[in-house]
Amino acid sequence: MRAQARPPLRAELGSSDLLRPAPEGRASGARRTGISGLGLSDHYRLCLEKIFPHWFLSSRTLSGAEAVNALRPFYFAVHPDFFGQHPREREVNENSLKRLSVYLENLQKPGFRSLKPTPLTFYVRETEQNSSEGQEPFSTSGFRAVKFTLHTRDLLSTVLYILNSCSLSVEHIQSLNTNVHSAKRMSDRPIKWDKSYYYFTGFKDPHEDLEQVSRMETTLTSWLDNNGKSAVKKLKNSLPLRKELERLKDDLSHQLQLSDIRWQRSWGIAHRCSQLHSLGRLAQQNLETLKNAKGCTIIFTDRSGMSAVGHVMLGTMDVHHHWTKLFERLPSYFDLQRRLMLLEDQISYLLGGMQVVYIEELQPVLTLEEYYSLLDVFYNRLLKNRIPFHPRSLRGLQMILNSDRYAPSLHELGHFNIPSLCDPANLQWFILTKAQQARDNMKRKEELKVIENELIQASTKKFSLEKFYKEPSVSSKQMVDCCKRLLEQSLPYLKGMHLCISHFYSVMQDGDLCIPWNWKDGEAIK
């Protein structure tokens with residue numbers, strides 16, 4: 001699933017020949033007040049009549065190409081390319097888009113019966129279509145979280161359900177159906193069938209079916225039962241490539257004397273090997289230039305440059321020429337990094353010894369130049385409006401600087417979130433009133449981290465896991481809760497596996513098992 005780079009915006013679902021409409025099944029005849037031949041799919045459409053436009057009932061089935069076109073407003077609102085400054089939200093949207101793509105492809109396979117309910121979470125950007133009043137407000141960053149569960153049976157109802165869930169217009173879909181205006185308009189009055197009808201005909205009650213879907217959730221044991229063998233097979237097939245990846249990483253780290261080689265995105269093993277081979281070829285051609293990165297950490301990501309914490313970022317879409325130019329400029333980056341550290345010290349002095357930190361997991365991805373500019377703006381504001389903090393009175397406390405906030409806040413981990421353009425007088429009052437709470441939060445964070453590490457080790461040992469890790473968006477508190485409940489279970493499928501704690505269920509292309517931190521077991525009923 002994660003082996004290949006995400007496709008561009010226009011090709012998110014693949015070409016239309018991959019999404020051929022499946023022939024609709026035919027139900028046995030039934031008669032009620034002159035209406036006959038209504039099967040379960042017909043009743044399901046009747047249930048949605050209150051939600052979707054009237055033309056929905058008379059529309060023909062969408063083709064794969066039409067579905068892609070109809071979902072353009074949705075892709076524009078959630079596409080990961082627009083979340084470059086928000087890595088956690090970007091990763092959630094990437095994973096959800098992949099699962100949605102699989103759902104749509106399976107939906108169009110000939111002879112399919114029914115798909116399992118698929119819960120999805122998207123961060124939706126504010127656009128002209130979804131900025132109306134009366135809906136959940138957007139965050140200060142301009143997006144909001146939308147969660148919904150797909151259990152639709154054709155492309156048209158799926159597309160409409162997605163658009164409605166994200167508060168996006170569905171009017172443009174009418175123009176995609178050439179038969180809409182010529183089709184006979186059905187009655188606006190919804191038909192409510194008596195339960196005796198389903199008893200005598202043998203059809204399923206769609207109302208009951210939908211209610212059951214809304215009540216039931218995927219359980220950990222049932223999901224492992226259904227996906228364990230597939231994960232074992234994928235993991236076994238990936239083992240040779242995993243060994244090759246470690247060999248390439250070790251060779252390059254030793255050759256260039258690097259501190260580490262990492263990946264910002266969740267690319268698959270084959271994709272990572274390809275990137276290391278590319279870097280290896282460049283090292284053969286310009287070894288002395290690449291040695292400028294001695295002691296650095298190299299991160300493969302979406303753009304080239306130096307990160308706010310001093311890591312060398314290699315854009316995977318850039319050619320060798322761009323990478324070479326970056327390595328040549330590293331000495332000037334190191335000089336800027338020293339100036340940045342001095343700027344952090346000066347801000348710390350003005351704020352009573354509070355440490356300025358950059359937390360990669362919680363902050364937007366910034367280059368060294370962008371972060372220096374942000375610090376410089378904040379420092380100049382502090383100089384003009386000196387805050388009378390007692391020297392070293394706030395030592396031990398931490399702050400991160402943000403450009404997308406308007407008021408200071410205290411994070412549950414104990415650090416202050418401070419906007420670069422906040423009012424200094426209000427900042428002083430806020431910090432002084434929250435200082436003790438910040439110290440308490442930081443103490444709890446350290447205690448929680450110790451407990452988390454102990455539980456990770458205990459879980460790894462009990463289930464004989466080859467690797468046990470979590471996504472950056474999963475907090476220590478969530479991980480502790482997850483591990484405690486895992487240790488109470490007997491899960492033989494996990495032996496020798498790679499287990500990732502995330503926000504969703506998934507089997508990665510290389511066999512890693514992803515389970516949500518708040519997994520359910522037993523009779524999972526909402």
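Here, residue 1 is the first one in the sequence, and each next residue gets the next number.
Residues Val309 and Thr297 are not in side-chain contact: their nearest non-hydrogen atoms beyond the backbone lie 4.5 Å or more apart. Leu314 has its side chain within reach of Ile298: a pair of non-hydrogen atoms, C-beta onward, lies under 4.5 Å apart. The side-chain heavy atoms of Ser307 and Leu368, taken from C-beta on, include no pair separated by under 4.5 Å. Residues Met497 and Leu235 meet the side-chain proximity criterion, which asks for heavy atoms closer than 4.5 Å. A heavy-atom distance below 4.5 Å is found between the side chains of Val365 and Gln264. Looking at Asn227 and Tyr493, their side chains never come closer than 4.5 Å, going by heavy atoms from C-beta outward. The closest side-chain heavy-atom distance from Ile261 to Phe300 is below 4.5 Å. Side-chain contact between Leu494 and Leu499 is present, with heavy atoms from C-beta onward closer than 4.5 Å.
Looking at every heavy atom in both residues, Trp323 comes nearest to Gly315 through NE1-O, 3.1 Å. For the residue pair Ala70 and Leu163, the shortest heavy atom distance occurs at O-CD1, 3.9 Å. Shortest non-hydrogen contact noted between Cys296 and Val312 is CB-CG2, 4.0 Å. In terms of heavy-atom proximity, Ile501 sits nearest to Cys482 at CD1-SG, 3.7 Å. Looking at every heavy atom in both residues, Gly280 comes nearest to Leu252 through CA-CD2, 3.8 Å. Of all non-hydrogen atoms in Leu241 and Ala270, the two that sit nearest each other are CD1-CB, 3.8 Å.
Using a cutoff of 4.0 Å between basic side-chain nitrogens and carboxylate oxygens, Glu94 and Arg90 are scored as salt-bridged. Using a 4.0 Å cut-off between charged nitrogen and carboxylate oxygen, Lys467 and Asp512 do not count as a salt-bridge pair. A salt bridge links Glu244 to Arg247: at least one charged side-chain nitrogen sits closer than 4.0 Å to a carboxylate oxygen. Glu370 has a carboxylate O that lies under 4.0 Å from a charged side-chain N of Arg303, or vice versa, which qualifies the two as a salt bridge.
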Original post:
Does the pair Lys234 and Ser238 meet the rule for a side chain to side chain contact (heavy atoms under 4.5 Å, CB included), with working shown?
Top reply: CA-CA 6 Å; Lys234 290 181 177 181; Ser238 73; over 6 Å; no
Subject >> Check against side chain to side chain contact (heavy atoms under 4.5 Å, CB included), Leu455 and Phe468 >> reply: CA-CA 11 Å; Leu455 288 172; Phe468 188 35; over 6 Å; no
**OP:** Under the side chain to side chain contact (heavy atoms under 4.5 Å, CB included) rule, what do Met479 and Lys449 come out as? Steps first, then yes or no, please.
**Re:** CA-CA 10 Å; Met479 189 66 172; Lys449 194 65 181 176; over 6 Å; no
**OP:** Check the pair Arg99, Leu120 against side chain to side chain contact (heavy atoms under 4.5 Å, CB included), reporting the backbone distance first and the verdict last.
**Re:** CA-CA 8 Å; Arg99 299 175 69 201; Leu120 297 173; 3.9 Å; yes
**OP:** Take Arg262 and Glu360 through the salt bridge (charged side-chain N to carboxylate O under 4.0 Å, His left out) test and state the conclusion after the steps.
**Re:** CA-CA 13 Å; Arg262 290 158 42 188; Glu360 292 181 271; 3.6 Å; yes
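For Arg485, the salt bridge (Lys or Arg N to Asp or Glu O under 4.0 Å) partners are Asp481, not counting sequence neighbours. Qualifying ring pair (Phe, Tyr, Trp, His ring centres under 6.0 Å) partners for Phe74, counting only residues two or more places apart in sequence or in other chains: Phe122. For His411, the side-chain hydrogen bond (donor to acceptor under 3.5 Å, both in side chains) criterion is met by no residue, not counting sequence neighbours.
The CZ atom of Arg281 lies 8.0 Å from the NE2 atom of His277; values are rounded to the nearest 0.5 Å. Here the CG-CG distance, from Asn402 to Asn417, works out to 5.0 Å after rounding to the nearest 0.5 Å. Met317 contributes atom CE, which lies 12.5 Å from atom OG1 of Thr301 (distance to the nearest 0.5 angstrom). In this structure, the separation between SG on Cys273 and CG on Leu245 is 4.5 Å, given to the nearest 0.5 Å. Distance SG/Cys514 to CD/Glu471: 5.5 Å, rounded to 0.5 Å. Atom NZ in Lys495 sits 13.5 Å away from atom CZ in Phe463 (nearest 0.5 Å).
Of the possible donor and acceptor atoms, none in the side chain of Lys462 sits under 3.5 Å from a partner among the backbone N and O of Ser490. His320 places a side-chain N or O within 3.5 Å of a backbone atom of Ser278 that can act as its donor or acceptor partner. The closest donor-acceptor contact from the side chain of Tyr358 to the backbone of Tyr371 lies at 3.5 Å or more, if one exists at all. Proximity of a side-chain donor or acceptor of Thr460 to a complementary backbone N or O of Ile456 within less than 3.5 Å is detected. Between the side chain of Asp521 and the main chain of Thr219, no donor-acceptor pair closer than 3.5 Å is present. Side-chain N or O atoms of Asn93 include one that pairs as donor or acceptor with a backbone N or O of Val78 at under 3.5 Å.
Each of Thr118, Leu220, Leu513 was evaluated against Tyr505; a single residue qualifies, Leu220, per the side chain to side chain contact (heavy atoms under 4.5 Å, CB included) test. Among Asn95, Val474, Thr121, the single residue meeting the side chain to side chain contact (heavy atoms under 4.5 Å, CB included) criterion with His503 is Val474. No option in Gln478, Gln457, Lys470 other than Lys470 meets the side-chain hydrogen bond (donor to acceptor under 3.5 Å, both in side chains) test with Glu452.
Side-chain atoms of Ser157 and Asp154 include a donor-acceptor pair closer than 3.5 Å.
Enclosure of atom NZ in Lys249 by more than 12 non-hydrogen atoms of other residues, nucleotides or ligands within 6.0 angstrom is indicated.
Figure legend: cation-pi geometry between Arg144 and Tyr123 absent, as NZ or CZ is not positioned both under 6.0 Å from the six-membered ring centre and within 45° of its axis.
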